[in-house]
A.B. asks: 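Structure incoming, see below.
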Amino acid sequence: MYNETVMDHFEHPRNQGAIEDADGEGEVGNAQCGDIMKIYLKVEDDTIADVRFQTFGCGAAIASSSMATELIRGKTVEEAWDLTNKAVVEALAGLPPQKVHCSLLAEEAIHAAINDYRVKQGLEPWEETGGHREGHEH
Amino acid sequence: MDHAATTATRPEVAAAMVPYMTGHFGNPSSLYDLARVSREAVAAAREQVAAAIGAEPKQIYFTSGGTESDNWALKGVAFARKAKGNHIITSAVEHHAISHTCVWLEKQGFSVTYLPVDRYGMVDPAAVEAAITPETILVSVMMANNEIGTIMPVAEIGAVARKHGVLFHTDAVQAVGHIPIDVRAQNIDLLSLSGHKFRGPKGTGALYIGPGVRLDPLMHGGAQERGRRAGTENVPGIVGMGMALELATAEMEENTRRITALRDRLTAGLLSIPETYLNGHPERRLPNNVNVVFAYIEGESILLMLNRRGIAASTGSACSTTSLEPSHVLMACGLPHEVVHGSLRLTLGEQTTEADVDYVISAVMEIVQRLRDMSPLTPAELRSRPESG
Amino acid sequence: MDHAATTATRPEVAAAMVPYMTGHFGNPSSLYDLARVSREAVAAAREQVAAAIGAEPKQIYFTSGGTESDNWALKGVAFARKAKGNHIITSAVEHHAISHTCVWLEKQGFSVTYLPVDRYGMVDPAAVEAAITPETILVSVMMANNEIGTIMPVAEIGAVARKHGVLFHTDAVQAVGHIPIDVRAQNIDLLSLSGHKFRGPKGTGALYIGPGVRLDPLMHGGAQERGRRAGTENVPGIVGMGMALELATAEMEENTRRITALRDRLTAGLLSIPETYLNGHPERRLPNNVNVVFAYIEGESILLMLNRRGIAASTGSACSTTSLEPSHVLMACGLPHEVVHGSLRLTLGEQTTEADVDYVISAVMEIVQRLRDMSPLTPAELRSRPESG
Ligand SMILES: Cc1ncc(COP(=O)(O)O)c(C=O)c1O
Ligand SMILES: Cc1ncc(COP(=O)(O)O)c(C=O)c1O
Ligand code: FES
Ligand code: FES
C-alpha cells in the first residue's frame with residue numbers, strides 16, 4: 001500500500017529521537033485515530049540547526065515525521081513554518097488517500113514546536129490561519 | 001501467521017476440483033454419466049459437511065461464503081418471522097457480516113440488542129436470557145471470535161434460546177474445521193461456515209438449517225438447493241469444500257495438539273516482552289489464535305515491519321483500516337482506545353513450525369523495541385538507550 | 001446442445017486458476033509479492049470485464065453469479081430508493097432470479113408491474129413509458145431471453161427510463177460474451193452477468209453499477225469491493241471469469257458467424273418437421289438459440305429420448321420440472337398450454353459442429369415421429385403408420 005520512498009523513511013527513519021535541551025518542543029495528537037507526534041527543535045541564528053521526532057502512529061505518520069524533519073533541517077524558522085503537509089506528501093512521492101491526514105500531524109507538530117520556541121524567546125506565537133494553509137490536503 | 005484471514009486451498013483439493021470445472025473426467029463419459037457424476041459429488045460433499053458438524057445432509061445448504069450465510073440467516077429469519085416479532089439479540093463482538101447486517105435490519109424496522117461481553121470477549125448466557133422479550137425472534141452469537149479467538153458458551157446460549165422459543169444462529173466461520181461441533185448437542189438452529197477458513201476454496205460456504213426452521217431466501221430465483229438458495233451450483237467449489245472439511249476434521253485432533261503447543265510457546269514468548277498483555281480468554285480460545293497488545297506502540301507499524309520480514313499478521317488498530325475505527329471487539333472487551341492501537345493478532349496454520357514461532361518471537365521483540373524507541377509515550381526505563389541529543 | 005444452461009470452464013482458464021487457489025506461483029514469492037499478485041490479478045479481471053461491456057473498471061463489482069447480481073440490483077435499489085417510491089417495472093419473461101425477487105419485494109410492500117410481451121417475447125418500449133408513474137424507481141428488463149433467445153430493445157427501454165429519471169437494470173446473463181454490449185450507448189444503469197455462461201467458472205458473476213447509482217448492499221460485512229459487496233474475494237474465480245470473458249469477446253465475431261450459420265441450419269432442419277413452429281424472434285435472437293414447438297407431443301419425453309442419444313436439451317414443459325408449471329416465457333408469448341408442453345430448446349456452443357447439428361436434426365425427426373405415433377392427439381395424416389389393433 002505504501003511506495004518505496006515511504007517504506008524507506010518508515011524503516012530507516014531520519015532524525016528519530018529526542019533533544020534534551022531543545023529550544024522548542026511541540027506535541028500534537030490526531031483525534032481521529034489517537035496518534036501522537038512530538039517534534040524537538042534546536043535553533044541557531046533563526047535556522048533549524050537540529051530537529052528530532054518521536055511518533056506513535058502508523059507507517060504514514062512515521063514516514064511523514066521522518067520526511068518533514070529532513071525538509072526543515074537547515075531552513076529558517078519561517079521557512080519551516082511554511083512547510084505544508086502537501087509538500088511532505090509530495091516529497092514522499094504520495095500517500096494512500098486515507099493516509100494523507102497522517103501527514104498533517106507533522107505539519108502541526110512543527111508549528112507547535114516553533115511556537116513553543118517563539119514563546120520561550122518572548123515572541124508572539126504565530127497564528128495557525130496563515131495564507132499558506134490553502135496548501136493543505138486532508 | 002495470518003491463517004484466520006484466509007488459508008490457501010490444499011493442492012490435492014484444487015486438483016480434485018479441476019475435472020468438475022472442465023468436465024474432463026478421463027474416462028469417456030456419456031451425458032448421463034457427466035450429470036450423475038456432478039450430482040453424486042455434490043451429494044457426497046453435503047454428507048462431508050454434515051458429518052463435520054453433526055447434522056444431516058439435507059440440512060446443509062451451499063452458499064458463496066461465510067458472509068452470504070450470515071446475511072441469509074439474519075435477513076432470512078427476520079423477514080420470515082416479522083409477523084411474530086421484530087427483536088434480534090446479538091453480541092458486541094460479532095464479525096461485520098453479522099453486525100452490519102443487523103444495522104441494516106434496524107433501518108428496516110427491526111430492533112437489535114448488542115450484548116456486552118466480559119474482558120475476555122465472552123457473552124453471558126444469563127444476559128441473553130435477560131434480553132429476551134416476547135418480540136424476540138432470533139439470537140445470533142458467534143461460536144469463536146475471529147480477532148481474539150475466544151470460544152463462546154454456545155450450547156448454553158442455545159439452550160436459553162430454545163427454552164424461550166427463539167431461534168439460535170451461530171457464526172461458526174472461525175470454528176468449523178478447527179474445534180469439534182455438534183449442532184444438536186449445542187442447541188444450534190442455524191450455523192454459518194466458510195470454505196477458505198479450513199483450506200477449502202474461496203467463494204464457498206454453507207448454512208446449516210435445523211429441522212422446522214423457516215427463513216426467506218436471500219437468493220431468489222431457480223429451484224437449486226431445494227428451492228431455498230437459487231443460483232447455478234458451484235459444483236467444483238462444493239466438491240472442494242467438502243473434501244477440505246473432511247480432511248480438516250480427520251486431522252483435527254492431531255493438529256489441535258500440535259498447534260496449541262505452538263500457540264502457547266508463541267504466547268509465552270510475546271508476553272515476555274514488558275508491558276504486553278494477552279487479549280481474549282486464556283483457556284477458552286481457538287487453538288491457533290494469539291492476540292496481544294504492546295503498550296506505547298501502534299499496530300500498523302508493527303504489521304509493516306513484520307511484513308518486511310515475511311510475516312503476515314493482523315491488528316485491531318484503526319490506522320490499518322480505511323474506516324479509521326479501531327477494533328470494535330477489543331473496545332468491547334474494555335480496552336482503552338490507545339491500547340487497542342497496539343494490538344497484534346497472529347494465527348497459526350497447519351504448516352507452522354516451532355522454528356517459525358521462534359523467528360516470529362525474535363522479530364516481534366526487535367520491532368517492539370524499535371517502535372518503542374520511536375514513540376513519545378514510552379517511559380524511559382523501556383527505551384533501549386538514552387535519548388540522543 | 002444445452003449451452004444456455006451452463007458451459008464447462010475452458011481448460012486454459014481452469015489451469016490459470018489453480019495457482020490462485022494454492023498460492024503456488026512457481027517463482028519463490030515473498031509475502032508482498034503474493035498479496036500483490038492477487039491484487040493485480042483482480043484488477044486485471046475487473047478491466048477485462050469492464051472492457052467487454054464498455055464500462056470502467058471501477059464500475060464492476062464481483063459477485064457469486066447471475067442470481068446474486070439480479071437479487072442485489074433489485075433489492076439494493078428497492079431498499080435504497082424506497083423513500084422515493086415503491087414501484088418497479090419488469091417484464092413477464094424474466095428469469096426467476098428476477099421474477100421471484102419481484103414477488104418477494106411485493107411482500108415487502110413494493111408494487112411491481114409485469115409488462116406483457118408480443119408473440120416473439122419482446123417488450124415494447126412504449127409500454128414501459130406508459131407504465132411509469134411518479135412512484136417508479138426501477139425498470140428491469142433482460143437483455144436476451146434464456147428460453148427463446150429474443151434480444152430486447154434494451155437501448156430504447158433504457159432511454160425511456162433515463163428520460164423519466166428511473167434507473168434501468170438489465171439481466172444480461174445470456175448476452176454477455178455472446179453479443180456486443182455497450183452500457184453507455186444502451187443507457188444501462190445496472191447490468192448482471194454470470195461467469196459460467198461464457199465458459200468461465202461457476203459461482204462467479206458481476207454487477208455493473210453506473211455512475212451515481214445508489215443501492216443498498218445485499219451482502220453486508222467487510223469492506224471488500226469498495227464497501228459495496230462484502231465477503232472474501234474469490235480470487236481464482238474472478239481471475240477465471242475475467243480471462244474467459246476476454247477470450248469470448250475476442251472470439252465473438254468469428255463465433256457469431258459460425259454459430260449463427262449452424263443455428264439457421266438447425267432451425268431449418270427442425271422446421272421441416274410438419275406442425276413445428278419457431279419460438280422467439282426470427283431475427284433478433286441470440287446466435288446460439290433454437291426454440292421450437294412440436295404439436296401433439298410433450299417436452300419431457302423428447303428430452304429423455306434425446307438424452308439417451310447423448311444430446312442435452314431443455315424444454316418449457318412443466319413435466320420436466322419439479323414445479324409442474326409450464327414455461328412462463330412461452331405462456332407470455334401467447335402459446336396455448338398444450339403447445340407449451342411440446343417445446344424444445346437447443347443451444348449451440350463453440351465446439352458444436354455441422355455434423356452435430358445434422359445428427360440432432362435426424363434424432364429429433366425420429367423422436368418426434370415416434371412420440372406422435374404414440375400420442376392420442378396426433379391427426380391421422382401425421383402418423384407414420386396406421387394404429388395397431
Ligand atoms: C467470524 C467470521 N464471520 C464471517 C466471515 C466472513 O466470511 P467470508 O469472508 O468467507 O465471507 C469471517 C471471515 O472473515 C469471519 O471470521
Ligand atoms: C437470464 C438469466 N438470468 C439469471 C440466471 C442465473 O444465473 P446463475 O445461475 O449463474 O446464478 C440465468 C441462468 O440460469 C439466466 O439465464
Ligand atoms: S496515524 Fe492513524 S492512520 Fe496514520
Ligand atoms: S405427465 Fe407426468 S408430469 Fe406431466
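Just so we're clear, the structure is a prediction, and the values are computed from it rather than from any experiment. Per chain, numbering begins at 1; letters A, B, ... match sequence-line order.
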A.B. asks: Can you find a heavy atom in the side chain of B:R370 that is under 4.5 Å from one in the side chain of A:P13?
C.D. replies: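 Result yes, sub-4.5 Å side-chain heavy-atom pair found.
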A.B. asks: If I measure from the heavy atoms of chain B, does A:K42 come under 4.5 Å with its side chain, its backbone, both, or neither?
C.D. replies: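 For A:K42, there is no contact with chain B at all, as no heavy atom is under 4.5 Å.
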A.B. asks: Measure A:P96 against the heavy atoms of chain B and call it side chain, backbone, both or neither at under 4.5 Å.
C.D. replies: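 Contact with chain B: none, neither part.
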A.B. asks: With a sphere of 6.0 Å drawn around OH of B:Y120, does it hold more than 12 non-hydrogen atoms of other residues, nucleotides or ligands?
C.D. replies: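 No.
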A.B. asks: Report the distance from atom OG1 of A:T55 to atom CD1 of B:I297, rounding to the nearest 0.5 Å.
C.D. replies: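 Here the rounded value is 13.5 Å.
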A.B. asks: Can you check whether B:L304 reaches A:M7 side chain to side chain, under 4.5 Å on heavy atoms?
C.D. replies: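 Counting from C-beta outward, B:L304 and A:M7 do come under 4.5 Å.
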A.B. asks: Please classify the contact of A:A61 with chain B as side chain, backbone, both or neither, using a heavy-atom distance under 4.5 Å.
C.D. replies: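 Neither the backbone nor the side chain of A:A61 comes within 4.5 Å of chain B.
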A.B. asks: Can you name the nearest heavy-atom pair linking A:Q54 to B:P376, along with the distance?
C.D. replies: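 So the two residues come closest at OE1-CA, 3.4 Å.
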A.B. asks: Please flag which part of A:F10 lies under 4.5 Å from any non-hydrogen atom of chain B: side chain, backbone, both or neither.
C.D. replies: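 Contact with chain B is through both the backbone and side chain of A:F10.
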A.B. asks: Identify the heavy atoms of A:G59 and B:S301 that sit nearest to each other, and give their distance.
C.D. replies: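 That would be N-OG, 4.0 Å.
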A.B. asks: A:I62 versus chain B, heavy atoms under 4.5 Å apart: side chain, backbone, both or neither?
C.D. replies: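 Just its side chain gets close to chain B.
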A.B. asks: In this structure, are over 12 heavy atoms from other groups packed under 6.0 Å from A:D46 atom CG?
C.D. replies: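 Correct, the count exceeds 12.
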A.B. asks: Looking only at heavy atoms, what is the nearest atom pair of A:F56 and B:Y296, with distance?
C.D. replies: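 Looks like CD1-O, 3.1 Å.
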A.B. asks: Tell me which of these, A:K38, A:M37, A:E11, A:E27, has more heavy-atom pairs under 4.5 Å with chain B than the rest.
C.D. replies: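 Looking at each of A:K38, A:M37, A:E11, A:E27 in turn, A:E11 comes out on top.
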A.B. asks: Please report the shortest heavy-atom distance between B:E298 and A:D35, naming the atom on each side.
C.D. replies: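 The answer is CG-OD1, 3.9 Å.
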